[in-house]
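Only one structure is covered here, and it is reproduced in the block below.
Sequence positions, counted from 1, serve as the residue numbers for this chain.
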Amino acid sequence: WSSDVCSSDLLRFWGASAMTVWVSNVWDPRFASSTGAGNANLFLRNDRYSYQFDYLNIGRHFDPAMGYIRRYDMVRYTNDVGFNPRPGWRLVRQFRFNAGGFQIFGQDGAKQSTQTYLKAATVFKFADEAGVWITNDSDRPDEPFQLVRTTIPVGTYSYTHPKFYVNTTPARKLSQQFSWEPGGFYGGTKSSFVGRILYKIKPQLQITYNFQRDHIEVPFANGTFSTRLDGVSLFIAAGRHFYSNSLIQYDNVSRQVQANIRVRWIHRPGSDLYLVYNTAHKLLDPLEPRRVTDDTKAGVIKLTYLIGF
């Protein structure tokens with residue numbers, strides 16, 4: 001079988017605020033309905049206050065064969081309110097405070113999960129940043145699901161987890177982002193350490209190393225395990241209007257080496273031509289990359305044209 005995909009986007013800017021809308025549909029002979037997806041986002045902001053509303057709808061059978069869809073069969077409503085005072089101190093540029101959350105429903109209208117959060121951050125004189133998030137998640141899986149080696153049973157789960165992070169400004173030749181997130185997770189605990197190191201060889205040539213380490217302990221069979229994800233991305237530009245981003249990553253759960261290559265040509269202001277190529281190879285043995293059991297490839301061409309009004 002084969003499928004076709006069609007998408008469209010709408011963007012509207014005014015001052016520091018913006019509205020974006022996109023819709024996409026897959027014509028798949030296996031399914032007669034729930035094959036579309038769409039998103040609407042409204043972001044209102046001035047120097048001190050901000051408000052954001054986001055609506056996301058992903059059909060039960062939406063499968064564009066490109067990119068990564070974290071969750072199907074969902075309708076999500078998100079709200080966020082921000083307060084960003086500038087104290088006028090010599091070493092502090094701005095404080096940032098946010099409160100918000102989301103609710104996720106299935107296509108049948110049943111509530112699936114919710115999240116609420118409080119965020120506080122300090123932006124220093126040279127744009128370095130440090131902050132803390134406090135997040136509460138609740139989830140109501142209506143059927144058991146697999147989490148690496150364990151199975152999370154049906155139930156209602158609610159847990160809180162803080163996040164502490166430090167970022168140095170990407171304006172430097174070498175910059176870093178590190179975060180640590182301990183706390184609850186489906187009746188147990190989870191600890192995550194995430195990092196990103198960016199090195200700018202020159203403005204037109206940049207390389208980034210990303211990693212994530214998770215340790216999970218939940219009170220179910222085989223519920224203690226660790227996961228890791230490593231990736232390298234490369235940015236190459238031939239000018240302001242023609243550049244590419246490439247990502248290669250590997251994780252020890254799927255044992256897949258995945259690559260995503262994107263080329264963008266801005267043929268006029270606000271209008272673009274994208275060429276995207278995805279490939280994935282599942283390794284039977286991480287130490288023997290020639291032993292491949294699955295091999296998938298996909299490509300897409302996307303053309304956008306901005307009409308002012």
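The ring pair (Phe, Tyr, Trp, His ring centres under 6.0 Å) search around Phe126 returns none, not counting sequence neighbours. Remark: Asn46 pairs with no residue by the side-chain hydrogen bond (donor to acceptor under 3.5 Å, both in side chains) rule, at least two apart or across chains. Residues satisfying the side-chain hydrogen bond (donor to acceptor under 3.5 Å, both in side chains) test with Ser50, not counting sequence neighbours, are none. Residues passing the salt bridge (Lys or Arg N to Asp or Glu O under 4.0 Å) test with Asp142: none are found, sequence neighbours excluded. Every side-chain hydrogen bond (donor to acceptor under 3.5 Å, both in side chains) that Gln146 has, sequence neighbours left out, goes to Thr151. Remark: Tyr49 pairs with Phe83 by the ring pair (Phe, Tyr, Trp, His ring centres under 6.0 Å) rule, at least two apart or across chains. Applying the salt bridge (Lys or Arg N to Asp or Glu O under 4.0 Å) rule to Arg172 yields the partners Asp128; only residues at least two apart in sequence or on another chain are considered. Partners of Trp180 under the side-chain hydrogen bond (donor to acceptor under 3.5 Å, both in side chains) rule, at least two apart in sequence or in another chain, are Ser191. Contacts of Lys173 classified as salt bridge (Lys or Arg N to Asp or Glu O under 4.0 Å), with partners at least two apart in sequence or in another chain: none.
Evaluation of the side chain to side chain donor-acceptor pair (under 3.5 Å) test over residues 235-247, restricted to residues two or more places apart or in two chains, returns Tyr243-Arg264. Pairs of residues two or more places apart, or lying in two chains, that qualify as salt bridge (charged side-chain N to carboxylate O under 4.0 Å, His left out) and include a residue from residues 84-109 are Asp47-Arg86, Arg96-Glu129.
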Side-chain donor/acceptor pairs under 3.5 Å, residues 114-125, sequence neighbours excluded:
{"unit_1": "Thr114", "atom_1": "OG1", "unit_2": "Ser138", "atom_2": "OG", "d": "2.3"}
{"unit_1": "Gln115", "atom_1": "NE2", "unit_2": "Asp137", "atom_2": "OD1", "d": "2.8"}
{"unit_1": "Tyr117", "atom_1": "OH", "unit_2": "Asp80", "atom_2": "OD2", "d": "2.5"}

